[in-house]
Protein chains: 2
Amino acid sequence: MASPSTRRNIVAAADTLFYQKGFEHTSFADIAEAVAISRGNFYYHFKTKDAILDAVIDLRLSNTQAMLDQWEKEGEEPKDRILCFINILIANQANILLYGCPVGTLTTELTKLNHHSKERANEVFTLFRNWLRKQFSLLGLHKKSDALAMHVLARSQGVATLASAFHDEKFIRQEVRLMRDWLSSYTEGSI
Amino acid sequence: MASPSTRRNIVAAADTLFYQKGFEHTSFADIAEAVAISRGNFYYHFKTKDAILDAVIDLRLSNTQAMLDQWEKEGEEPKDRILCFINILIANQANILLYGCPVGTLTTELTKLNHHSKERANEVFTLFRNWLRKQFSLLGLHKKSDALAMHVLARSQGVATLASAFHDEKFIRQEVRLMRDWLSSYTEGSI
DNA sequence: GTCTATATTAAGATAGAC
DNA sequence: GTCTATCTTAATATAGAC
């Protein structure tokens with residue numbers, strides 16, 4: 001591990017390629033080419049494809065947690081924080097139109113592959129779910145907080161899937177507006 | 001084509017396997033084994049994997065159209081017909097929990113593979129979309145009919161994705177209830 | 001730590017007998 | 001129309017020199 005930068009470069013390239021091409025369709029050669037190293041060197045850092053996948057999932061987990069912590073600071077009120085989540089559909093619009101949601105598409109693929117890392121990949125969903133649940137609880141919606149968190153997650157997943165299928169940017173904006181209206185119906189008068 | 005049944009068996013087996021294991025992860029050997037024929041015989045019926053994919057998409061298109069025609073007959077009112085669509089989340093619950101939505105997961109996979117049949121696979125979505133739009137138009141919601149059709153499609157996609165990720169049957173029932181309530185808010189007094 | 005071979009395996013695809 | 005046998009390619013993975 002004298003050169004952590006090569007390893008980090010591999011994981012970053014794999015992260016992007018798994019998102020754009022899918023896990024199975026991405027070959028070692030693809031990743032090696034993206035990082036501009038030989039396949040031989042590649043195997044010095046990762047023995048198996050599953051090991052890279054685990055490293056990519058670790059990266060996504062820590063990036064997601066960092067983002068949630070950031071939103072926690074940025075948003076004064078729980079409603080503002082939930083809006084941060086809804087707004088990623090707009091912020092990541094360009095990629096979503098091309099490749100869908102990175103979380104949903106990976107867990108879906110790993111499910112079909114019957115891959116043992118599916119549960120770990122799912123933990124990214126769980127981070128969002130628990131964080132959203134916390135915000136809804138802070139709004140006083142304790143009993144419904146988990147159902148509301150799942151509802152928001154599902155809505156954004158559906159938007160990402162259809163926006164990608166039809167390559168429809170206007171649809172994203174339209175649905176984000178509906179989600180904001182929906183959220184307001186739960187927060188009116190509470191701010 | 002002296003034995004159409006073998007061909008039909010191949011397409012039916014491929015349809016199921018593409019759904020359960022994904023298109024790329026399904027090998028000719030998998031399909032041949034499911035149909036109990038040799039790989040050599042297999043190639044008599046289909047020259048390439050893409051040809052099987054196209055046949056599977058044809059099958060899904062015609063099955064979907066038949067289902068929509070059936071719903072058109074079954075449902076007296078447009079609202080009842082839209083409820084037929086929402087109810088497939090319940091009817092196909094067992095498979096959705098394991099493999100997600102067959103339409104969404106295939107188009108998502110083909111998008112990542114940059115496969116030329118992606119647009120054709122997407123036509124299944126378009127069948128649902130146009131059919132739902134028609135029902136909303138019949139409800140007098142002409143101007144919003146396409147947005148409402150896309151909204152319903154997105155909601156069901158999101159439910160399928162998360163239900164499969166968390167293997168949560170209760171979540172499906174919960175969201176179907178919300179979708180029914182949502183639909184009622186558009187049809188109150190119109191029946 | 002990085003490279004150039006090379007081994008191994010699996011899957012798509014074909015040829016030719018019956 | 002179905003079979004067995006074989007070809008080809010691509011991808012995972014390893015060995016060993018520098």
Side-chain angles (χ1 to χ4, degrees), chain A residues 1-57 59 106 109-110 112-118 120-121, chain B residues 1-57 59 106 109-110 112-118 120-121:
Chain A
M1 249 244 229
S3 171
S5 74
T6 299
R7 192 193 148 94
R8 272 206 311 273
N9 288 340
I10 290 174
V11 178
D15 183 25
T16 302
L17 286 167
F18 288 173
Y19 177 36
Q20 295 177 345
K21 305 184 58 159
F23 169 67
E24 193 170 36
H25 193 54
T26 299
S27 69
F28 283 12
D30 290 331
I31 305 173
E33 191 189 354
V35 186
I37 60 171
S38 71
R39 268 178 297 167
N41 186 7
F42 191 98
Y43 276 87
Y44 171 80
H45 295 281
F46 291 99
K47 291 292 161 224
T48 67
K49 202 176 175 182
D50 288 352
I52 310 170
L53 176 60
D54 283 336
V56 166
I57 294 172
L59 177 67
L106 182 62
E109 182 181 3
L110 296 183
K112 304 231 182 208
L113 300 185
N114 209 10
H115 197 288
H116 60 268
S117 290
K118 188 243 178 178
R120 273 180 45 70
Chain B
M1 251 252 224
S3 171
S5 75
T6 298
R7 192 193 148 95
R8 272 207 311 273
N9 289 340
I10 290 174
V11 177
D15 183 26
T16 303
L17 285 167
F18 289 173
Y19 177 37
Q20 296 177 343
K21 305 184 57 159
F23 169 66
E24 194 171 35
H25 193 55
T26 300
S27 69
F28 282 11
D30 290 332
I31 306 173
E33 191 189 355
V35 187
I37 60 170
S38 71
R39 267 179 297 166
N41 185 6
F42 192 97
Y43 276 87
Y44 171 80
H45 296 280
F46 291 98
K47 291 293 161 222
T48 67
K49 201 176 177 183
D50 289 352
I52 310 170
L53 176 60
D54 283 334
V56 166
I57 294 173
L59 177 68
L106 182 63
E109 181 181 4
L110 296 182
K112 304 231 181 209
L113 300 184
N114 209 11
H115 197 288
H116 61 266
S117 291
K118 189 242 178 179
R120 273 179 46 69

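Chain naming here is simple, since letters A, B, ... match the order of the sequence lines and numbering starts at 1 in each.
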Ring centers of A/Tyr43, A/Phe28 separated by less than 6.0 Å: yes
Determine whether B/Tyr19 and B/Thr26 make a side-chain contact, defined as any pair of heavy atoms from C-beta on separated by less than 4.5 Å. no
Separation of [N] [atom2] from [X] [atom1] (nearest whole Å):
| X | N | atom1 | atom2 | result |
| --- | --- | --- | --- | --- |
| B/His45 | C/dT14 | NE2 | P | 16 Å |
| B/Ile37 | D/dT4 | CD1 | P | 11 Å |
| A/Ile31 | D/dA11 | CD1 | P | 12 Å |
| A/Phe46 | D/dA11 | CZ | C1' | 18 Å |
| A/Asn41 | C/dC3 | CG | P | 5 Å |

Hey, could you give me the CZ/CD1 distance between A/Arg120 and A/Ile57, rounded to the nearest 0.5 Å?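 If I round to the nearest 0.5 Å, the distance is 5.5 Å.
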If I take atom CG from residue B/Leu106 and atom CG from residue B/Asp15, how far apart are they, to the nearest 0.5 angstrom?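 Between atom CG of B/Leu106 and atom CG of B/Asp15 there are 9.5 Å.
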Review item, nucleotides 9-13 of chain C N/O atoms under 3.5 Å of protein N/O:
residue, atom, partner, partner atom, Å
C/dG12, OP1, B/Lys49, NZ, 3.3
C/dG12, OP2, B/Phe28, N, 2.8
C/dA13, OP2, B/Lys49, N, 3.2
C/dA13, N7, B/Tyr43, OH, 3.1

Check salt bridge (Lys or Arg N to Asp or Glu O under 4.0 Å) between B/Asp30 and all other residues, then give those that pass, not counting sequence neighbours.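 B/Asp30 satisfies salt bridge (Lys or Arg N to Asp or Glu O under 4.0 Å) with B/Lys21 once adjacent residues are dropped.
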When you look for runs of 3 or more Watson-Crick or G-U pairs in a row, both distances below 3.5 Å, which of them include DNA chain D?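 Looking at DNA chain D, the stems formed by three or more consecutive pairs are C:1-18 with D:1-18.
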Residues B/Asp54 and B/Ser117: side-chain donor-acceptor under 3.5 angstrom: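 There is such a pair (donor and acceptor under 3.5 Å, judged by atom type) between the side chains of B/Asp54 and B/Ser117.
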Will you find, in the side chains of B/Asn114 and A/His25, an N or O donor that is under 3.5 Å from an N or O acceptor? no
So which heavy atom on A/Arg7 is nearest to which on A/Ala55, and how close? NH2-CB, 4.2 Å
